[in-house]
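Reviewing the structure listed below.
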Amino acid sequence: MKKDFTFTSESVTEGHPDKVCDQISDAIVDHFLERDPYSRVIAECAVSTSIVFIAARFASTVPVDFPNVARRVIKRIGYDGPDFNARTCGVLTSLIELPLDEDCCFNEMELTDEEIERIPARNQVTVFGFACNQTPALMPLPIWLAHKLSKNISSVRRLRLLPYLAPEGKTDVAVEYRDGKPFRIASITVTVSQNKREEPSLHRLRDDIREVVIQPVFDAEPIKPDDKTELFINPEGLFLRGGPSVHSGLTGRKNAIDTYGEYSRHSGAALSGKDPLRIDRIGAYAARYAAKNLVAAGLADQCEVQLTYSISRSRPSSIQVETFGTGRISDEKAALLIEREIDFRLAGIMKKFNLRRPPGRTKGGFYQRLAAYGHVGRIDLDLPWEMTDKLEALR
């Protein structure tokens with residue numbers, strides 16, 4: 001295994017067109033589940049100049065005003081320019097209402113083990129979960145830092161510390177590794193958009209971003225930029241307005257940003273816009289839960305868990321663990337341990353994480369909040385798959 005290398009991960013703010021689509025799709029999921037926890041829904045979205053397109057298939061007892069949900073998300077993100085805003089953008093929909101399926105209207109919290117066994121996955125997918133001891137959240141350092149920078153761009157904009165900022169921004173951080181461990185920050189790139197071309201100048205913008213966005217993020221980090229760290233702020237110059245008026249967006253196009261910044265493998269299936277009966281979504285959360293608990297238990301410094309599901313089977317057809325030579329036990333034994341201690345069946349995951357009901361208890365939406373800055377490794381959210389409650393059992 002390579003020990004000395006440089007790795008870069010990218011993050012984007014909530015105003016990036018792809019993330020606008022992810023948030024609209026997950027806001028639709030939240031809207032259904034808040035009113036009918038047994039709703040089935042798949043929602044996908046595309047945006048461009050002045051246009052939002054929503055395609056959805058759903059089965060539910062409640063009506064949902066899709067255009068209104070989309071406009072609320074756009075308004076909350078902060079798009080109010082003439083080319084794209086919540087008031088005047090056109091919202092097109094292609095909706096298919098499906099018949100209610102009684103087989104899906106089970107209360108997983110009341111199911112026996114035998115009943116859980118009889119509920120199969122309805123999709124075929126291979127999902128991955130990853131964890132490592134590079135950060136407090138057991139996430140790879142490059143994506144951890146890239147997300148922190150992106151979140152701080154949005155925070156600075158919302159607090160109007162830099163009132164000229166528009167919603168879209170992008171970051172990437174390159175970390176140099178020595179002997180397999182983070183050693184130094186090789187480079188930082190930040191691109192932000194602004195509302196007016198004449199304000200501020202590029203020189204002032206770069207000074208502001210360095211002082212107000214970048215420096216506070218690294219003040220709390222043990223590894224900081226040094227005098228050899230390359231810093232690029234808007235390297236292509238001023239970026240006016242950004243967002244859907246500049247380039248289009250699509251649900252599910254930022255899977256690496258949603259997971260591990262390509263430091264680890266991830267499924268090709270989108271995470272956003274799917275109800276909790278979709279194993280391609282919640283299976284990825286279960287795999288992260290398993291990997292994180294193995295690392296937190298001290299059984300490996302880094303760990304990737306792979307789960308393969310087949311249609312009509314309740315259990316994964318394959319459970320594999322890869323610890324990249326850092327395991328205190330064999331990978332085969334680690335796989336047997338998580339298979340014994342963690343329920344990877346569809347209804348078992350739903351029961352463990354109680355995934356149908358959080359939208360009704362979470363202000364601002366549960367799934368929508370996952371749609372920007374990562375579905376995993378979130379210490380700002382109380383996510384059930386980020387718990388480390390299997391340590392003693394695994395040890």
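Values below: every heavy atom of this structure, side chains too, minus hydrogens, waters and symmetry copies. The shown structure was predicted, so the numbers you read here are calculated from the model rather than taken from an experiment.
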*Restricting to pairs with a member in residues 191-238, which pass ring-ring contact (aromatic ring centres under 6.0 Å, His included), not counting sequence neighbours?*
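ring-ring contact (aromatic ring centres under 6.0 Å, His included) check on residues 191-238 returns no pairs.
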
*Which residue pairs pass the ring-ring contact (aromatic ring centres under 6.0 Å, His included) test with at least one member in residues 233-256, sequence neighbours excluded?*
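For residues 233-256: His16-His247.
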
*asked:* Would you say that more than 12 heavy atoms from the other residues, nucleotides or ligands in this model lie under 6.0 Å from the CG of Asp382, or not?
replied: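 No - once you tally the heavy atoms of other residues, nucleotides and ligands closer than 6.0 Å, there are 12 at most.
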
*Does CZ belonging to Arg328 count more than 12 external heavy atoms closer than 6.0 Å?*
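Check passes, neighbour count above 12.
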
Is it true that the side chains of [X] and [Y] contain a donor and an acceptor less than 3.5 Å apart?
X	Y	answer
Thr126	Thr308	yes
Asp36	Thr61	yes
Ser318	Tyr309	no
Ser150	Thr171	yes
Asp208	Tyr164	yes
Asn85	Asp80	no
Glu168	Tyr79	no
Asn293	Thr388	no

Where [X] and [Y] come nearest, the two heavy atoms and their spacing:
X	Y	value
Ser39	Leu33	O-CD2, 4.0 Å
Ala297	Leu391	N-CD2, 3.6 Å
Ala137	Gly377	CB-O, 3.7 Å
Ala269	Asn255	O-ND2, 3.0 Å
Ile349	Ala286	CD1-CB, 3.6 Å

Under a 4.0 Å threshold between the charged nitrogen and the carboxylate oxygen, would [Y] count as salt-bridged to [X]?
X	Y	answer
Lys151	Glu14	no
Arg40	Asp275	yes
Asp280	Arg278	yes
Lys292	Asp389	no
Arg395	Glu392	yes
Arg378	Asp380	yes
Arg204	Asp207	no
Arg71	Asp65	no

Just to verify, what does [X] make a ring-ring contact (aromatic ring centres under 6.0 Å, His included) with, not counting sequence neighbours?
X	value
Phe58	Phe32, Phe66
Phe130	Tyr260, Tyr263
Tyr38	none
His147	none

By side chain to side chain contact (heavy atoms under 4.5 Å, CB included), which residues pair with [X], not counting sequence neighbours?
X	value
Pro163	Arg160
Lys333	Ile329, Ser330
Ala371	Asp22, Gln23, Asp26, Ser272

*Pick out which of Lys352, Arg357, Lys351 makes a salt bridge (charged side-chain N to carboxylate O under 4.0 Å, His left out) with Glu108.*
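Checked Lys352, Arg357, Lys351 against Glu108; only one passes salt bridge (charged side-chain N to carboxylate O under 4.0 Å, His left out): Arg357.
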
Please tell me if the side chains of [X] and [Y] come closer than 4.5 Å, counting only heavy atoms from C-beta onward.
X	Y	result
Glu221	Leu141	yes
Ser248	Pro17	no
Arg210	Gln215	no
Thr13	Lys19	no
Phe353	Leu383	no

*side chain to side chain donor-acceptor pair (under 3.5 Å) contacts touching residues 41-54 (sequence neighbours left out)*: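 For residues 41-54, and leaving out neighbouring residues, there are no side chain to side chain donor-acceptor pair (under 3.5 Å) pairs at all.
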
_Has Arg241 got a side-chain atom pairing as donor or acceptor with Ala166's backbone, closer than 3.5 angstrom?_
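Not at all, since once roles are kept as given, no pair shorter than 3.5 Å links the two residues.
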
*Under 3.5 Å, side chain of Thr251 to main-chain N/O of Cys45, donor-acceptor pair present?*
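Present.
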
*asked:* Please evaluate residues Gln302 and Thr326 with respect to the criterion side-chain hydrogen bond (donor to acceptor under 3.5 Å, both in side chains), reporting the C-alpha separation (whole Å), side-chain torsions for both, the decisive distance (0.1 Å), and the verdict.
replied: CA-CA 7 Å; Gln302 56 180 318; Thr326 70; 5.3 Å; no

*Among pairs that include at least one residue of residues 306-322, which meet salt bridge (Lys or Arg N to Asp or Glu O under 4.0 Å), considering only residues two or more places apart or in two chains?*
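Matches after skipping sequence neighbours: Glu117-Arg315.
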
*Between Phe183 and Tyr177, is a ring pair (Phe, Tyr, Trp, His ring centres under 6.0 Å) present by the stated rule, with each step listed?*
CA-CA 5 Å; Phe183 177 72; Tyr177 287 77; over 10 Å; no

_Results of side-chain hydrogen bond (donor to acceptor under 3.5 Å, both in side chains) for Tyr285 - residues two or more places apart only_ =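 With neighbours one apart ignored, the set is Arg281, His375.
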
